[in-house]
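This report refers to the structure that appears directly beneath it.
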Amino acid sequence: MQDIRKPVIILVRPQMGENIGAAARAMLNFGLTEMRLVAPRDGWPNPKAVAMASGAAGRVLDHAKVYPDLASAMEGVDFAFATTARGRDLTKPVYTPATAMEKARGHDGRCALIFGPERAGLENEDVARANAIVTVPVNPDFPSLNLAQAVLLLGYEWGRDELPPEPAPLQRRPDGEVPADRVEIERLGDHYEAKLAEAGFFFPETKAANMRLNLRNMWSRLSLTRGDVRILHGVLRQLTRR
């Protein structure tokens with residue numbers, strides 16, 4: 001079942017299966033899963049799209065729906081953004097991707113993001129069926145974007161407030177990249193303090209307590225991962241091996 005809060009991605013007359021697959025990957029990067037295809041040139045399903053989509057095939061392509069025209073593809077949609085880089089004679093609001101997706105997140109109904117075919121983009125007849133236009137502010141001397149790039153840009157702007165703010169949430173990071181907790185830091189300090197004591201580092205005796213305190217304070221100031229802690233334990237074991 002699709003999440004109606006998320007925009008529908010509509011690809012109008014896409015030409016290459018590889019681009020459809022790449023668009024599916026871009027969608028899933030930012031949690032978008034509903035793709036609708038309008039008259040794909042090479043038919044559907046398309047094995048080249050599946051190959052390019054990689055892990056997004058099962059989540060996106062397997063559920064993609066095909067429509068004969070854009071009008072029928074906007075079933076259930078009450079606000080649509082047409083993506084185009086060219087100036088138009090049609091009077092419509094024109095937004096950047098950031099502004100458009102801010103409006104989409106605040107919209108109560110179902111939104112759609114409409115993308116045109118790779119060679120020429122959306123035609124005026126397509127744009128006429130949208131409520132607003134989205135134009136990416138790029139180099140005016142070369143405004144052309146690959147289909148998947150355009151999907152990625154809008155997907156990113158959509159996901160900015162929907163996905164976790166950290167690049168790699170703690171529960172998704174490899175164990176070695178997770179910050180070490182205080183117990184792990186404490187054990188590391190104990191290990192070094194014990195070996196340094198064996199080596200006679202805490203000398204003279206009158207300064208030993210303060211040296212231990214400063215060393216413990218140093219460990220607590222370091223931003224160590226679990227991987228860092230394991231390395232430092234290993235370094236000390238190797239240095240003191242006899």
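As the structure is a prediction and not an experimental result, all values here were calculated from the model.
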Report summary line: Taken in chain and number order and not counting sequence neighbours, the residues that satisfy side-chain hydrogen bond (donor to acceptor under 3.5 Å, both in side chains) with Glu118 are Asn19
**Report entry** From CA spacing to verdict: salt bridge (charged side-chain N to carboxylate O under 4.0 Å, His left out), Arg182, Glu184
**Finding:** CA-CA 5 Å; Arg182 303 319 304 167; Glu184 291 166 321; over 6 Å; no
Query - Ser72: side-chain hydrogen bond (donor to acceptor under 3.5 Å, both in side chains) partners, not counting sequence neighbours - result: Asp69
Report task. For residues Ala53 and Ala24, report the shortest heavy-atom separation together with the two atoms involved. Result -> CB-CB, 4.3 Å
Query raised in the report: Would you say Lys92's side chain and Ala130's backbone share a donor-acceptor pair under 3.5 angstrom?
Result: yes
Report task. Classify the ring geometry between Phe79 and His107 as parallel (under 30°), tilted (30 to 60°) or perpendicular (over 60°). Result -> tilted
**Report entry** Salt-bridge criterion met for Arg216 and Glu193 (N-O under 4.0 Å)
**Finding:** yes
**Report entry** Under the side-chain contact (heavy atoms from CB on, under 4.5 Å) test, residues paired with Arg5 that sit two or more places apart
**Finding:** Asp3
Requested in this report: Kindly give the cluster partners of Leu224, where membership spreads through any ILVMFWY side chain lying under 4.5 Å from a current member.
Outcome: Ile185, Leu188, Tyr192, Leu196, Phe201, Phe202, Met211, Leu215, Met218, Trp219, Leu222, Val229, Ile231, Leu232, Val235, Leu236, Leu239
Query raised in the report: Could you walk me through whether Arg13 and Asp126 pass the salt bridge (charged side-chain N to carboxylate O under 4.0 Å, His left out) check?
Result: CA-CA 11 Å; Arg13 299 180 297 279; Asp126 303 315; 2.6 Å; yes
Query raised in the report: Are any side-chain N or O atoms of Gln149 and backbone N or O atoms of Asn146, one a donor and one an acceptor, separated by less than 3.5 Å?
Result: yes
Report summary line: By side-chain contact (heavy atoms from CB on, under 4.5 Å), Pro97 pairs with (sequence neighbours left out) Val134, Val136, Pro137, Leu154, Glu157
Report summary line: With sequence neighbours left out, the residues meeting side-chain hydrogen bond (donor to acceptor under 3.5 Å, both in side chains) with Asn46 are none
Query raised in the report: Ignoring hydrogens and geometry, is there a side-chain-to-backbone donor-acceptor pair from Arg110 to Val77 under 3.5 Å?
Result: no
Query raised in the report: Counting distance only, does the side-chain N/O of Asn217 pair as donor-acceptor with the main-chain N or O of Asn214 below 3.5 Å?
Result: no
